[in-house]
Structures are given as structure tokens and as C-alpha cells.
Student: 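Got a structure for you, questions after.
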Amino acid sequence: MSSPDAAQPLMSLWQSACYALQREWRLCCRQRSEWLQPLAFFIVVIALFPLGLSGDLAALRVFAPGIIWVAALLAVLLSLDRLFRDDYLDGVIEQWVLSPQPLVLSVTVKVMLHWCLNGCLLALISPLLGVMLGLSWQEVAVLACSLVPGSFVLAWIGAIGAALTVSLPRGGVLLSLLMLPLYVPVLIFGAGLVRMVALGLPWWPVMALLGGLMATALLMAPWVVAYALRLNISTQ
């Protein structure tokens, strides 16, 4: 049975997490374009492919997994440039570093909400776009399920890059150059997963691998992001 002294820090962390979540949610409500633009980009890019390639659904179905995953990857990348930049310029991150509460907590809340408003929305809308590109219902279901852990990993890898480049005046290009090679494994696994469904091959091992990457990102990435932000503040 836990003592009151041990429960007090847990309550304090919980209250800090709730306060951070409320702050981030209010910011997201005020800046809807920050998470609506990547979603619109995702839809428009996929909608252009049938016009540029072919109207034949059988031909589109072959390229559909790669098209949707590349569009999702670019949409996630588009949303990352300002993930920490405004907070850095406003001095909020410096307050996080000086606060007695763990910096990892504030970072985790911010990136998790960012992922919910970007990656989860991409996964939710992907079935409609998959059907438009000729995928079967089973392929569409696996595609949507794979985008959940896949976008989670992409968001946390991108958060590391955003934290490393937060103090650079024009870090957007550098962020893209840093992150795109790291995104390649997730892209290969995600797009290959849907193709395995189409070929009737067992796809659960690849899905389990994406789940393992998701768990690894959750356990390790917040600490790396917090260290990168602290490093930027200390070198100001």
C-alpha cells in the first residue's frame, strides 16, 4: 500500500500533465491551421495521383500503398517544423527546463497531442482515400491500422529532429534532410504490409514489428527530445 508521501509526487505529476494538456489543447484550438494544413495536404496529394497516373483502378491499386504512405510521411514532416519553435521563441521551453516538473512530461504531452491531431486523423481518413485508389476493404483496414503505429514512430522521430533544429533560424530544410532517411524503414514496412495483404501473405509479423517500433519510440524518444531541448537552452 503506497504511503501519502509517495502518492503526493504522483498527484503532482498528474496535475502537471493535465495542466500541460489543457494548455496544448487551447493552443491547438486557436491555431487550427497547424493541424488542418497537413491533413488537407494529405488529401490533395493523394487525390492528384489518379489524375496524373491513370483512372484505371487496377493500375492505381498497385501503387496505392506507396502513394498513401509517402503522402502520410510528407504530411507528418510538414507539421513538424513549428512543433517546438514558437515555444522556444516565446521562452516557454526555457520555463519547462527551469520548472521542477520533468521536462520529459511536458515534451510527451505536447508530442502525443500533436500525433493525435495529425497521425490519428490521417489514419482515420485513409480508408476513404484507399477505396478511392482501388484497395479492397481488407487492405484498407490493414492500411489504417498500420498508419497508427507508423505515424506514431514518424511523429517521435520528427520530434527529435525538431528539437535538434529548434534554435536554427531556417531549420525546416535541415529538418527534412535529417528526417527523411530515418523515415525510410517505416515507409518500407508500412507500404509492404498492405502489399502482403494483397498477395495473401502473413502480415501480422510486420504489424508486430511496427508495434515494437511504436513501443520503443514511446520509451526512448521523449528522453532524447528533452535532452535536445535542454541542450539548445544551455547553449543560448
Side-chain angles (χ1 to χ4, degrees), residues 35 38-80 111-112 114-161 176-221:
W35 52 274
L39 184 64
F41 174 85
F42 179 67
I43 296 172
V44 170
V45 167
I46 294 176
L48 289 176
F49 272 92
L51 301 176
L53 289 177
S54 166
D56 184 4
L57 284 181
L60 285 174
R61 184 182 176 185
V62 176
F63 301 105
I67 292 171
I68 294 177
W69 263 96
V70 169
L73 184 152
L74 295 177
V76 171
L77 192 61
L78 182 66
S79 67
L80 290 172
V111 178
M112 290 296 289
H114 174 81
W115 168 68
C116 289
L117 293 176
N118 286 271
C120 287
L121 287 180
L122 297 183
L124 286 175
I125 202 168
S126 64
L128 293 176
L129 299 170
V131 171
M132 184 182 74
L133 295 180
L135 294 179
S136 67
W137 287 108
Q138 185 183 11
E139 293 167 339
V140 162
V142 173
L143 171 68
C145 292
S146 66
L147 277 173
V148 174
S151 62
F152 186 90
V153 177
L154 295 179
W156 273 110
I157 292 176
I160 294 174
S176 302
L177 293 175
L178 287 175
M179 294 301 103
L180 282 176
L182 300 178
Y183 281 175
V184 171
V186 180
L187 173 66
I188 293 174
F189 291 141
L193 187 63
V194 182
R195 294 193 189 96
M196 294 173 76
V197 176
L199 295 173
L201 299 174
W203 50 273
W204 274 108
V206 181
M207 182 65 85
L209 182 60
L210 284 177
L213 291 176
M214 182 179 183
T216 304
L218 182 60
L219 290 175
M220 298 182 63

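Counting begins at 1 with the first residue of the sequence.
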Student: If you define the side chain from C-beta out and look only at heavy atoms, does anything of Phe152 sit under 4.5 Å from Leu218?
Tutor: yes
Student: Taking side chain as C-beta onward, heavy atoms only, is Trp115 less than 4.5 Å from Val148?
Tutor: yes
Student: Can you give me every donor-acceptor pair (side chain of residues 189-198, partner residue at least two apart or in another chain, under 3.5 Å) with its distance?
Tutor:
none

Student: Given side chains that start at C-beta, do those of Pro127 and Leu143 come closer than 4.5 Å, heavy atoms only?
Tutor: no
Student: So do the side chains of Leu210 and Ser146 get within less than 4.5 Å of each other, counting heavy atoms only?
Tutor: yes
Student: Is the shortest side-chain heavy-atom distance between Trp156 and Met112 below 4.5 Å?
Tutor: yes
Student: Might you point out which heavy atoms bring Met179 and Gly158 nearest each other, and give the distance in Å?
Tutor: SD-CA, 3.8 Å
Student: Given side-chain contact (heavy atoms from CB on, under 4.5 Å), test Leu121 with Phe42 step by step and report yes or no.
Tutor: CA-CA 10 Å; Leu121 287 180; Phe42 179 67; over 6 Å; no
Student: Mind checking what makes side-chain contact (heavy atoms from CB on, under 4.5 Å) contact with Leu178, not counting sequence neighbours?
Tutor: Thr165, Leu174
Student: Which heavy atom in Ala159 sits nearest to a heavy atom in Leu80, and how many Å separate them?
Tutor: N-CD2, 4.2 Å
Student: Between Gly150 and Trp69, what is the shortest heavy-atom contact and its length?
Tutor: CA-CH2, 3.6 Å
Student: Report the C-alpha distance between Leu133 and Leu129 in whole Å, list the side-chain angles of each, state the deciding distance to 0.1 Å, and finish with yes or no for side-chain contact (heavy atoms from CB on, under 4.5 Å).
Tutor: CA-CA 6 Å; Leu133 295 180; Leu129 299 170; 5.7 Å; no
Student: May I have the step-by-step check of side-chain contact (heavy atoms from CB on, under 4.5 Å) for Arg61 and Leu135, ending in yes or no?
Tutor: CA-CA 6 Å; Arg61 184 182 176 185; Leu135 294 179; 4.0 Å; yes
Student: Could you please spell out the steps behind the side-chain contact (heavy atoms from CB on, under 4.5 Å) verdict for Leu154 and Leu77?
Tutor: CA-CA 8 Å; Leu154 295 179; Leu77 192 61; over 6 Å; no
Student: Please name the pair of heavy atoms, one in Leu122 and one in Leu147, separated by the smallest distance, quoted to 0.1 Å.
Tutor: O-CD1, 4.1 Å
Student: Looking at every non-hydrogen atom in both residues, tell me the closest pair between Val76 and Ser79 and how far apart they are.
Tutor: O-OG, 2.7 Å
Student: Do Ile68 and Ile46 come close enough that some side-chain heavy atom pair is under 4.5 Å?
Tutor: yes
Student: Do you know which two heavy atoms are closest between Ala47 and Met132, and how far apart they sit?
Tutor: CA-CE, 3.9 Å
Student: Find out whether Pro50 and Leu60 are in side-chain contact, i.e. whether some heavy atom of one side chain is under 4.5 Å from a heavy atom of the other.
Tutor: yes
Student: Is it the case that more than 12 heavy atoms not belonging to Phe41 sit under 6.0 Å from its CZ atom?
Tutor: yes
